[in-house]
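Before any comments, here is the structure.
A quick note: this is a predicted structure, and the numbers were derived from the prediction, not measured.
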Amino acid sequence: MASTEAPRVPSPSPENRRVAAGQFERANQVIATGNYDYGIELLLSCCRLDPANLIYRQALRRTEKTKFKNNLRGTWHAGLSSWGTRTKLKSARRAGDHLKALELGEQILIRNPWDTGAQLDMAESANALGLLDVAIWTLEQARQKNPRAADVNRFLARLYEKRGNFTQAIALWEVIRKTVPDDMEARGKAKDLAASETIARGRYEEAVRDEEDSAAGTQHDVRVGTPLEMPPSKLKQATGRVKLPASSPSSDDKHAPSAGAAERGASQVAQLRAKIQADPTNANVYLHLASVYRKMDQFDLAREVLARGMGPTGNSFEIAVELAEADIEPFRRNLAVSEEKLRAVPGDEDLRTLRIRLLKEINAREMELFRRKADRYPTEMAHRFELGVRLLRAGQSDEAIRELQAARSDPRHHWKALLYLGHCFKGRNNWRLAKRNFEECLQNLPPGDEGARKEVLFQLAHGTAEAGDLPAAIDLGHELANLDFGFKDIGRLLDEWQTKLERADV
């Protein structure tokens with residue numbers, strides 16, 4: 001399989017993104033009237049304009065299946081009429097034109113949205129393009145017709161494992177093992193991943209709590225530190241989805257809700273389900289029910305409710321946002337697991353690679369989520385600030401600068417936006433603008449925020465030294481050393497700068 005380290009699909013231009021959003025809205029309108037063919041045509045255009053956007057493909061597949069009344073076979077002549085397109089699809093894949101392969105695959109699925117061969121080819125191309133999310137979803141769709149298909153399950157299990165979804169991966173390897181009893185790979189994988197599954201099921205809360213405890217003494221550093229890798233504690237704080245237990249869990253009993261809480265939860269679920277049945281177009285009821293399921297730690301059911309509510313509510317924006325959050329949550333949990341395992345085996349390079357991959361996946365998903373929020377509410381600077389930070393982590397400095405410059409007008413985000421702007425300009429090798437933003441950030445820091453002050457002083461000292469102004473760098477370094485001599489090895493750097501300055505004087 002191709003590497004999935006980074007997507008190799010150019011980001012759509014703002015104009016393409018705007019056109020696709022307009023066509024998506026129009027598609028929802030015509031589909032609601034029963035005009036499935038025109039809706040499918042519009043959704044296909046959305047997928048061409050923004051190939052990485054999974055929401056468009058999900059809406060397209062849902063509409064295609066509705067058109068064929070979920071008959072699991074499409075048109076009766078689908079295989080014959082798609083023969084020529086299938087040949088072109090194979091040729092495109094062999095030629096490495098994977099975007100074309102995705103388009104051709106969608107053409108086949110118009111006639112039969114359950115075509116396993118086309119979905120396997122599309123998943124291979126999506127994976128080759130670095131679109132892991134699209135590849136996994138496509139394979140999950142392929143399993144609906146035949147959940148025990150060994151070729152589909154094997155490919156999907158490998159992608160789950162690569163993404164760090166240990167529990168899902170081991171479940172699929174078990175299916176393969178039962179379907180093909182003499183499959184040695186399935187036996188070995190099930191055994192190798194068993195430990196990871198145990199951690200994911202039984203020790204997640206402990207891993208999260210330890211991460212929070214380890215960051216407690218350096219809270220400000222975590223918030224404003226190197227922007228390319230945010231620690232998992234902060235990734236979880238960004239959305240507030242994770243609830244920490246009041247006491248240290250040591251057994252499954254401590255994870256289970258009390259009998260009274262379970263009864264209250266079941267009663268709430270029953271009432272809310274009745275409300276949905278009475279008025280399936282009310283988005284707030286779906287959101288409430290999903291919230292109840294989350295409180296009961298039934299995250300899969302919460303996601304299922306949100307997904308089910310998209311159609312009847314006309315793709316409610318609020319539900320779409322919550323659904324995106326629900327899709328990110330497993331990655332945050334897997335990140336907590338990998339962090340705990342790294343603490344136990346700090347030299348494990350595979351774990352480090354997995355951790356980086358999970359961080360990138362979380363950042364990519366959060367970036368898309370905040371982009372949608374910023375597009376919907378352009379005057380809410382909190383969304384633009386969060387989008388800018390994630391764009392910076394993704395290496396998209398120019399777009400990050402635009403968002404952060406807009407966000408700095410909001411007093412709530414002023415100094416933080418200045419700090420990240422400094423990182424943006426430093427990454428673009430424009431020290432003059434980086435220095436200006438770092439200095440302005442230093443002047444606007446809230447009183448008593450020593451952690452942020454140390455970070456900004458370090459960035460100023462280090463950047464000034466790299467720019468060749470050693471006397472100024474030494475002055476800034478001494479100011480930082482006076483606060484914390486051990487901060488990012490500033491003591492050693494001061495010695496190096498002083499030695500260089502003395503040699504230059506000689």
Side-chain angles (χ1 to χ4, degrees), residues 6-7 9-18 20-21 24-25 46 50 52-56 58 131-134 222-242 287 290 303 306 310 315-332 335 358-421 423-424 427:
V9 178
S11 297
S13 66
E15 176 63 17
N16 280 354
R17 190 178 291 118
R18 184 191 66 78
F24 182 65
E25 184 176 355
C46 292
D50 191 356
N53 192 317
L54 185 56
I55 292 174
Y56 297 154
Q58 290 172 330
L131 302 179
L132 186 58
D133 194 26
V134 174
V222 168
R223 182 67 180 123
V224 301
T226 304
L228 299 182
E229 283 195 16
M230 181 181 285
S233 58
K234 217 53 200 173
L235 286 165
K236 292 186 287 289
Q237 287 177 17
T239 55
R241 286 286 173 260
V242 176
L287 294 169
R303 189 196 179 287
L306 294 168
M310 288 290 286
N315 294 303
S316 158
F317 178 79
E318 290 75 16
I319 290 182
V321 166
E322 288 297 314
L323 186 57
E325 289 282 10
D327 287 337
I328 298 172
E329 188 61 29
F331 295 100
R332 298 189 182 119
L335 181 60
L358 287 168
L359 284 168
K360 288 181 178 180
E361 184 74 27
I362 292 168
N363 187 71
R365 287 170 177 264
E366 289 184 342
M367 182 170 65
E368 182 60 29
L369 175 60
F370 282 111
R371 192 192 300 278
R372 291 167 64 187
K373 288 183 177 181
D375 289 344
R376 180 81 171 202
Y377 306 110
T379 60
E380 177 49 68
M381 292 300 109
H383 300 328
R384 302 194 69 175
F385 170 76
E386 297 292 353
L387 173 58
V389 172
R390 284 153 183 81
L391 286 165
L392 173 58
R393 293 193 198 119
Q396 301 178 34
S397 297
D398 290 353
E399 194 173 352
I401 288 170
R402 289 194 292 271
E403 299 299 332
L404 292 168
Q405 284 181 335
R408 71 182 173 186
S409 64
D410 189 330
R412 297 172 300 169
H413 308 289
H414 182 59
W415 72 268
K416 298 173 189 175
L418 289 167
L419 174 60
Y420 285 111
L421 280 167
H423 281 294
C424 287

**Prompt:** Out of curiosity, Arg390 CZ to Glu366 CD, how far, rounded to the nearest 0.5 Å?
**Reply:** 4.5 Å
**For the student: nearest non-hydrogen atoms of Pro12 and Arg17, plus distance** = O-NH2, 3.4 Å
**Request:** Report the C-alpha distance between Leu418 and His414 in whole Å, list the side-chain angles of each, state the deciding distance to 0.1 Å, and finish with yes or no for side-chain contact (heavy atoms from CB on, under 4.5 Å).
**Result:** CA-CA 6 Å; Leu418 289 167; His414 182 59; 3.5 Å; yes
**Fill in**
Nearest heavy-atom contact between Leu387 and Met367 is CD1-O, 3.5 Å
**Gap between atom CD1 of Ile328 and atom CG of Leu369 - 0.5 Å precision** = 5.0 Å
**Message:** Taking side chain to side chain donor-acceptor pair (under 3.5 Å) as the criterion, tell me which of Glu386, Glu399, His383 meets it with Arg371.
**Reply:** Glu399
**Request:** Taking all non-hydrogen atoms of both residues into account, name the closest pair between Tyr56 and Asp50 and its distance.
**Result:** CE1-CB, 4.0 Å
**Distance, nearest 0.5 Å, that separates CG of Asp398 from CG of Leu392** = 11.5 Å
**Request:** Return the minimal non-hydrogen interatomic distance between Ala400 and Cys424, and the atom names on each side.
**Result:** CB-SG, 3.9 Å
**Asked** Rounded to the nearest 0.5 Å, what separation is found between the CG atom of Asn315 and the CZ atom of Phe24?
**Response** 4.5 Å
**Message:** Distance check, rounded to the nearest 0.5 Å: Leu335 atom CG versus Glu361 atom CD?
**Reply:** 11.5 Å
**Prompt:** Thinking salt bridges, do Glu329 and Arg332 make one under a 4.0 Å N-O criterion?
**Reply:** yes
**Request:** Can you see which heavy atom on Val134 is nearest to which on Ala52, and at what distance?
**Result:** CG2-O, 4.0 Å
**Fill in**
Closest non-hydrogen atoms of Ala407 and Ala417, given as atom of the first, atom of the second and distance, are C-CB, 4.3 Å
**Item:** N-O pairing of Arg384 and Glu380 below 4.0 Å
**Value:** no
**Message:** Test side-chain contact (heavy atoms from CB on, under 4.5 Å) on Glu325 and Leu306; report intermediate values, then the result.
**Reply:** CA-CA 11 Å; Glu325 289 282 10; Leu306 294 168; over 6 Å; no
**Request:** Using a strict cut-off of less than 4.0 Å between a Lys/Arg side-chain nitrogen and an Asp/Glu carboxylate oxygen, indicate whether Arg303 and Asp327 qualify as a salt bridge.
**Result:** yes
**Asked** Would you say the side-chain atoms of Ser13 and Glu15 include a donor-acceptor pair closer than 3.5 Å?
**Response** no
**Message:** Please determine whether a side-chain nitrogen of the Lys or Arg among Arg365 and Asp133 lies less than 4.0 Å from a carboxylate oxygen of the Asp or Glu.
**Reply:** yes
**Validation row: Leu54, Glu368 side chains within 4.5 angstrom (heavy atoms)** = no
**Asked** To the nearest 0.5 Å, how far apart are CG in Leu421 and CD in Glu403?
**Response** 11.0 Å
**Item:** Full working for side-chain contact (heavy atoms from CB on, under 4.5 Å) between Val389 and Phe370
**Value:** CA-CA 10 Å; Val389 172; Phe370 282 111; over 6 Å; no
